[in-house]
Amino acid sequence: MLDAKFVRTQPDLIAAMLKKRHLDLKTLSHISLAEFVTLEQKRLDLLHNLETLKAKRNQAAKDNARKKSQGKTIEIAALKQLTTTIQEIEDNVNTLTKKSKDFLLSLPNLLDAAVPVGRDETFNKIIRTEGPIPEFSFPPKPHFQLGSLTEENKRAASITGARFTLFKGVLAKLARALSQFFLDENIKKGYTELLPATIANEASLTGTAQLPKFANDVFRLSPPHENFYLISTSEIPLVNYHANEILNEDDLPLYYTAYTSCYRSEAGAAGKDTRGLIRLHEFHKTELVQFVHPTASQVQHEKLLSHSEHLLKKLNLPYRVVLLASGDIGFAASKCYDLEVWLPGQNTYREIASCSNCLDFQARRANIRYRTKKKGNLFVHTLNSSGLPIERTMAAILENFQTETGTVHLPAVLHSYMGGCKTLF
RNA sequence: GGAGAGGUGGCCGAGUGGUUGAAGGCGCACGCUUGGAAAGCGUGUAUACGGGAAACUGUAUCGCGGGUUCGAAUCCCGCUCUCUCCGCCA
């Protein structure tokens with residue numbers, strides 16, 4: 001969420017940001033920027049009016065208290081009328097305040113100056129490419145044709161449905177090994193491990209900005225549990241871990257990591273990536289979240305990126321770093337790097353991690369501040385990155401390290417996590 | 001699921017209708033004291049929004065939302081969370 005005062009005093013900057021993002025305000029909100037500015041003006045006028053009347057009432061109540069203690073009579077009729085008037089104006093103010101807040105919640109974050117301007121992902125900027133692309137003496141297969149994945153996917157579909165998966169034997173063990181490996185490495189980098197619930201409430205999803213705009217992308221429980229949602233990422237519990245808190249300035253930065261299941265409805269993705277492990281309704285992911293001092297967030301963003309990259313490097317997976325364009329970047333992010341891993345079976349790079357600096361956008365929504373000695377309580381900056389998703393990493397391992405006979409050589413760092421097993425299938 | 005108790009500032013804790021944004025304590029900051037430290041003494045110490053160049057000032061906030069009242073931390077209703085006991089349960 002952006003600061004109300006900022007939006008009403010500099011609406012042109014908001015308009016410019018929306019244009020860069022190629023977003024039409026009409027699709028976000030039923031009121032325009034100009035209407036918001038007049039709405040705010042009206043709200044502040046009424047608020048001033050209301051506060052004057054309340055001051056009058058408070059003074060009268062104090063006078064009455066004194067009179068009563070002196071045994072004098074109290075004049076009530078006029079004050080009764082005053083209370084009625086106050087209630088009417090207060091109702092109006094509340095209505096306007098809610099409209100104003102709804103509008104602010106529907107606005108995406110401001111963009112960093114470094115974000116490439118462009119309509120879609122074709123404008124993303126490739127920052128660097130890491131690791132040699134493997135060469136095969138045979139046509140490399142897509143991951144879903146390796147091992148027992150085809151068969152297990154059928155079973156998963158019959159148990160649940162499309163876009164669900166199931167692992168058996170060594171693949172189940174590989175998933176487990178990866179989760180342990182990721183958590184261990186993240187802890188080494190200074191992250192504190194959390195194991196949160198994978199259901200969160202409406203306030204938490206609003207805090208990280210999955211709500212109100214992206215309600216279609218998440219699974220919601222049925223009544224009477226309609227205030228509960230399945231988390232689409234553990235960023236939700238990790239960021240909201242400190243919701244409504246005032247942190248110590250000296251404690252920043254705070255690092256958290258969690259391995260959880262993640263649930264996504266993939267509402268707009270019909271027909272895309274229908275086979276294999278790339279796009280699932282339920283997948284597993286280890287996530288990285290940082291709460292940092294505003295002056296440090298640029299530097300921390302690069303550091304966070306290096307933490308995600310570290311995992312890919314340890315696994316010897318070839319990847320590239322991409323800076324997302326204004327039309328492709330997420331709602332809450334002001335600047336975002338994607339890590340894209342090489343998938344030989346598809347002869348392309350695919351997103352495997354998303355590393356975002358949200359500035360104070362989420363902190364404002366979730367009310368996460370830090371205490372300063374001189375400047376009062378200020379909003380922290382939040383950053384998040386994948387560290388890493390299990391299924392997409394498995395797909396990358398299977399495809400990059402496959403052999404002509406169909407076996408797969410595991411990266412050395414996983415051998416101990418696999419109980420000494422070095423080759424799959 | 002049943003019964004009960006509770007939610008007050010950074011923390012602990014008083015307050016059951018009236019100049020209470022809230023006693024007292026702890027913590028913290030600054031000063032005095034000391035060779036130095038501790039103790040002691042003094043002063044200060046919530047947040048948000050609005051107005052003001054500033055000093056300062058108005059409003060709101062005692063879990064959340066409603067209600068009663070001239071006036072609510074205090075009374076009433078709903079919700080929520082925590083704790084204790086019972087039941088059930090991985």
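All values derive from a computational prediction rather than experimental measurement. Each chain gets a letter, A, B and so on, in the order the sequences are listed, and its residues count up from 1.
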Is there a donor-acceptor pair under 3.5 Å between the side chain of [X] and the backbone N or O of [Y]?
| X | Y | value |
| --- | --- | --- |
| A/Arg264 | A/Ser232 | yes |
| A/Asn124 | A/Ala325 | yes |
| A/Arg364 | A/Met1 | yes |
| A/Glu391 | A/His284 | yes |
| A/Arg21 | A/Gly330 | yes |
| A/Glu193 | A/Thr257 | no |

Pairs where residues 103-114 of chain A contributes a residue and the test side chain to side chain donor-acceptor pair (under 3.5 Å) is met, not counting sequence neighbours: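 Qualifying pairs: A/Asp112-A/Gln298.
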
For atom NE2 of A/His22, is the number of surrounding heavy atoms from other residues, nucleotides or ligands below 6.0 Å larger than 12?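 Count over threshold, so yes.
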
Any donor-acceptor pair under 3.5 Å linking the side-chain atoms of A/His281 with those of A/Glu266?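 Checked: A/Glu266/A/His281 side chains show no N/O donor-acceptor pair below 3.5 Å.
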
As a check on the pairing definition, encode RNA chain B in dot-bracket form, counting Watson-Crick and G-U wobble pairs whose two distances are under 3.5 Å, and using | for partners outside this strand. ((((((((.[[[..)..(.....]]]((((((.......))))))((((((....)))))).[[[[[..)....]]]]])))))))....

Quick check: do A/Arg392 and A/Leu343 have side-chain heavy atoms less than 4.5 Å from each other?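 No, their side chains stay 4.5 Å or more apart.
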
Less than 6.0 angstrom separating the ring centers of A/Phe36 and A/Phe103, yes or no?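 Here the rings of A/Phe103 and A/Phe36 have centres that are less than 6.0 Å from each other.
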
Looking at residues at least two apart in the chain, or sitting in another chain, which of them share a salt bridge (charged side-chain N to carboxylate O under 4.0 Å, His left out) with A/Arg8?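 Salt bridge (charged side-chain N to carboxylate O under 4.0 Å, His left out) check on A/Arg8 returns A/Glu40.
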
Any residue in residues 78-86 of chain A with a heavy atom nearer than 4.0 angstrom to RNA chain B? Just list them by number, or reply none.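 Output list: A/Leu79, A/Lys80, A/Thr83.
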
Residues within residues 42-58 of chain A bordering RNA chain B, heavy-atom distance below 4.0 Å: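 Heavy-atom cutoff 4.0 Å gives A/Leu44, A/Glu51, A/Lys54, A/Ala55, A/Arg57, A/Asn58.
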
Between A/Lys62 and A/Gln59, who's closer to the 5' end of RNA chain B by nearest nucleotide?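 Final value for this comparison: A/Lys62.
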
If you walk 5' to 3' along RNA chain B, what is the first nucleotide with an atom under 4.0 Å of a heavy atom in chain A, and what is the last?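 Taking any atom under 4.0 Å from a heavy atom of chain A, the span is B/rG10 to B/rG71.
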
